[in-house]
Structures are given as C-alpha cells and as structure tokens.
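In the text below, chain A, chain B and the rest are named by the order of the sequence lines, each starting its count at 1.
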Amino acid sequence: MKVISGNLITAISASSEAPNYPASVLLNNEHPKDYWQSASGINQASLSLMVSSLDTDRVVIKPSSFVPGVSAIFGDDIAIMDDDPANFGDPGSITPAVLSKTGIALFNTNATSAVINISDPNEVIWVDTVLVDTVCESYLIPVRMDLVALGPANAIWAEFDSVPAAVQIDIVLSCDPGESVRCGSPVVGELASYPCPNYGFTRGIVSYSITRELNNGAFWHKRRDDVRSIDNLSFRVTTKGRYSAEEFYRMAMDTRYAPMAWSIIDSDGFEYIVFARFQQKPQVQQINAVHSQINFSLIEVL
Amino acid sequence: MLLIELTDGTTVHRISNEWLNLEHRWYPHVASLGALKVSCTKIHGGYAKPVFGSLDLLPDLVAGLSYPITIKLTETNEAEATVIFTGTAHRTSEERDSIKYDLYGVDNQHKVTGAAYSGTLVAVFASACTTLGYTLDSSKARTPSPAVSYTSSGEKELLDNLSEMASFFCHGFTIVGTTLALFDMLGDTGSDMLSEFEYFKGSYTDGKPVSAYTSGNFSVDGLHSYGSAESISPACHTVQANVEASLADIKTMFQRRRIALAMPPEAIAPQIGHRLDFIDTSLAESRSISAWISAVVYDFDNHQFTVEGSAVLT
C-alpha cells in the first residue's frame, strides 16, 4: 500500500485549454470533478507540472561512494542527509536508508495512454557541485493505468526516484479521437510505502443519488456520482521496524480532511488507485510488545 | 439543473447545488436554496409575483453585503436555460458554515392615488406598462378583452391595482425581466403532457361550497344552496352585466378542483398559465386530468417542483 502525502506542485500549464476549463484550476485541487480539459477535439495534450524539491531532510546521496554523473537507483544503500550543514559530510550524521521515491497521480482522466517525462529545467547545483541533470536525466517512466470506471476514478499512477531539486514533469495525455482530453487533481509528492492491508478489508460504493417513489409506484432517480469506500483497512507493523505506526498516525493528523492519492494492493495482488480522504481516522492498536496494528477506512472524493 | 449567476463587481460566480460542467463550470457552492414560489394572488388570477426564500452559500465564495443574482433552470445546457429570478441577494448572517442571503426581486414602483381606469383590460395594461417601463405581452389575454371601469381608492402601487383588475377579470400576469405577460386564467398559455413517470403523488382537493358570488352591488348564485357567500373585491366595473359576467368566470374557477402536484425537476419546466394534461391511474378510478398552473414552487433542496392550480378531473 502506498500513499502520496502532500503536494509539491507549484505551477501547472497545459499545451491546450478549453476556454472554461483552464489548467490553472488544477493547482491545489482537491476535487477531481474540477478538471482541466483541452480545446474542443484536441485528443492529445500535455500538462507541465513544476514540482518543488522534497524536504532537504530527505535528500538522498550515496554517503561515501558517490560517482558524479551516475544516478542512485531505488534500493541502493544510501543515506538521508542531516539537515544541519555543519554536520554535512560527517559520516556520523548519516543514517542508512533506502532511496525515497516520489509519486505522481492524476484522477478523473479520460486518457487512454500517457507518457511522463521528468527533467530538471534549472540545472540546480547539487550539494557536491554535481549538476542535478547528470543525476536525474530526462527519461520516460512506464505509466500504470487504473481503468476502474467507477466515479471519478480513472487514474494514472507513476513513481520516480526522488531528486533533491525542483523538477518539471511533462505528462502527455491521449484520449480517443474526437474527444477532448481531460484530467483533474494532479498530485506529486513523497511516496510513503506501507504493508499490504490485511485480509478482511471491504470495498463498497457510496451513492449520492436520490431516489423517490413516483405516483405510479415506480422510482425516480436523480443520478449523481457514486464513490468508492474502502473500509476495515488494517496493517500490522513492528513497533521499531521499517514501517512506523507513528509516522502513519502523524500523517493522518497532518492531512486532516485533505484527500490523498492511494494505491492499495490487496493480498491477492489487485490494485486500487483512489483519491480519498480518511473516513475513519487511523487507530493504532498496540497488540503486543513489538507489534502495532493500524485500522482505518477511506472514502473517495469528488 | 440549478444555475445561479452571482455578480461580484466584474466577476460572475457561476454556482449551483451540484458540480456542473456545462459551457462553463458551475461550482457546488449552494448549501441550501429555500423554496422559490411564484403564485397568482388569487385563485382566479392576479400578479404571479415571485416570493423567494433564502440562499445559503458555503463560506469560501463571497461574504459581501449584497450581490445581483440571476437564477436559471436548465435540463440540457446553458443556452436552453430559463430565467426564473433576477434580483438581489442581501446578506442576513455570516456563520462559520455558511453565508446566508435573502433574495429580493425588483418590481418597478409607481404609486397612484385615486386612479381611474377605463377601456379594455389590455388597453389599461398597455398604458400602465408604458408608465412602469415594461413591454406588454398580451398575446394570451382574452379576446375580446373585457371592459374595465374602476377607480382605485387612496394611494396604492400601480402593480397592486393591475393585480386587482386582472384577477377580477380572471386574468393573471407575470413579469420576467422587462416583459409583463398578461394571460387569461380560463385559457392557457401553453400545455404540457406528463407521463406517469413524471410526477409524484398528487393532491386533488375541493374548495368550500359557495352559495353566492358577490361584488359591489351585484351577485350571481353559487352552485350550492349551502355554504357561504364569496365576496370579490374590488368590483372593477360598474355595470351589472359586466360584473355578473366576471363573477360567472370566477365561479367557474372556484368550481374546479384544487391541485398540488409535485414532480422531479427534470419532468417539465412548469410555467404559470400553462395547462398540464395527464392521467392518474393510481386513483380508485383512473382519471384524465387537466390542470391550469397558477403557482409553482421550486424546491431545489428537496429536488422537486410543485405546481398548484385549478383542475378538471374526468
């Protein structure tokens, strides 16, 4: 299970915009139904997202064997740098960790294919006087598509290795000929990973439709959006292990009612990508001396 | 679909009670919109004046004292929208979960004192519309137009005088924008068919029995020997035959059933003066019903429009 917390997007532009559906509405957008759309009939357009750097606390470098021009890759034995410049370079201040990742998610899109290109337009000088663009080269990232056509769910999810610099993310979206391509609620942020949820969670549908009985006994429906709910989510962590119950709990407090992008992979390998807020805030249950269990539920936002 | 344009300086906020992505984007900032009622002053006609409730907005849009506002309805797109209200939203309270406004329509005001009216009803309305700055649409008024002979007493609003004269002669009128539309309550301004899937449970009631209809010094017999006399005031003509002719028309209106019929908002766009035709098979005996709309209640919070008026069940 993964979640993108926070949103690092600082500016958004698009190669094409419908007059009343500009890309500007996507900035800090918590409503997937408030979407950007390309001009009439333009079925391929690109979104450019300017993304600020992750917190420098999370800057990742190879502590001793850094090779200029060679990118660290996911899973490398790397380090989180101390945020105190006075300690920079001091091996004692470096804590082993895995390379952090950044997640990208788009919701309520009618795109049937997408290509994501990430680059550093500013060539910001990195801490070791190595140009960032030699570390984070422009490259294409495979994009996974969630094709669940339920509510405003059609989503794109992508991940890339975090880099300690602002980057530009260009996403080329294509939809069926004759349509205008659209998407809502882009999210780019630190990707936090947690264990898959335990067996027993339930998926439901919350309908906002209105039903009333007509005079002849039939029913009138005002059809409105359905959203997905995911209840009874739980996962177990070791109290001092890699996944911190406290970190998850703190994230839930920080976000309040703000929705976050979730990729939930169940124990059978099925994946659900939702833009959801906590319906039930997490409860951390101390189940024994070394394990905690986190229980929560989510509901998709419109 | 509810479309509200709220003008803040040069900015037009397009809002609704739901997300609408039409020609423009309409944001769901409307937390609640009290029922809007457009109703003729009397069963037999008069001014169908809009009476509007309150508008509750989510607190993150605007919080100013007053804004020009236009309320429209559409079932398809913005181009097909019908304006049901133009006026002003005036703030009544600012709360943490909503900003509340009352809605005020704008009628053209003109006070008259002891005004004398003569000629046909349409001619009287034409003259008054010139005074008030309205354009008269009399295409649905009765032909020939009934004669008026009436002098109002004291200082009154011209629109009130028009309302009294219209109702005396079984006419109603609406004002939308700058157009005053006069129509015959005994006729219709158009008709709509309702299928059985387009209305909720109906209410068909009868008025109290009326033994006589009186106005001024004249009267006509009611349908019943019991009940009470119905006084129609003021009398807008002085000649017995003219007054009795009007009372006979009013009697026709009183003898019809009263109907209140709620329907889903997308069934039809109900209009004052229109005739509704439908069959109610849910009654013990299936009835064909014609109903003449003299009032419409737009209840957006409960997702229904209710029409009221007179009806004939056969």
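- With a threshold of 4.5 angstrom between heavy atoms, B/Leu22 approaches chain A through N, CA, C or O but not through any side-chain atom.
- Within 6.0 Å of NZ on A/Lys281 lie more than 12 heavy atoms contributed by other residues, nucleotides or ligands.
- The CD1 atom of A/Ile210 sits 9.0 Å away from atom CG of B/Asn302, with the distance rounded to the nearest 0.5 Å.
- Between chain A and the residues B/His24, B/Glu23, B/Met263, the largest count of heavy-atom pairs under 4.5 Å involves B/His24.
- Heavy-atom distances place the side chain of B/Glu18, and not its backbone, under 4.5 Å from chain A.
- The parts of A/Tyr21 that come within reach of chain B are both its backbone and its side chain, each placing non-hydrogen atoms under 4.5 angstrom from that chain.
- Here the shortest heavy-atom pairing between B/Ser282 and A/Asn215 reads OG-ND2, 3.1 Å.
- Of the two parts of A/Tyr208, neither the backbone nor the side chain holds a non-hydrogen atom closer than 4.5 Å to a non-hydrogen atom of chain B.
- Side-chain contact check for B/Glu196 versus A/Leu214: every heavy-atom pair is 4.5 Å or farther apart.
- By the neighbour-count criterion of 12 heavy atoms within 6.0 Å, atom CZ of B/Arg91 is densely surrounded, having more than that number from other residues, nucleotides or ligands.
- Remark: the A/Trp220 side chain and the B/Gln304 side chain contain no N/O donor-acceptor pair separated by less than 3.5 Å.
- A 4.5 Å side-chain heavy-atom check between B/Arg25 and A/Asn20 finds every atom pair outside the cut-off.
- Side-chain contact between A/Tyr35 and B/Asn21 is present, with at least one heavy-atom pair separated by less than 4.5 Å.
- In this structure the side chain of A/Arg212 reaches within 4.5 angstrom of the side chain of B/Phe200, judged on heavy atoms.
- Rounded to the nearest 0.5 angstrom, B/Glu198 CD and A/Asn216 CG are separated by 10.5 Å.
- Going from atom CH2 of B/Trp19 over to atom NE2 of A/His31 covers 5.5 Å, rounded to the nearest 0.5 Å.
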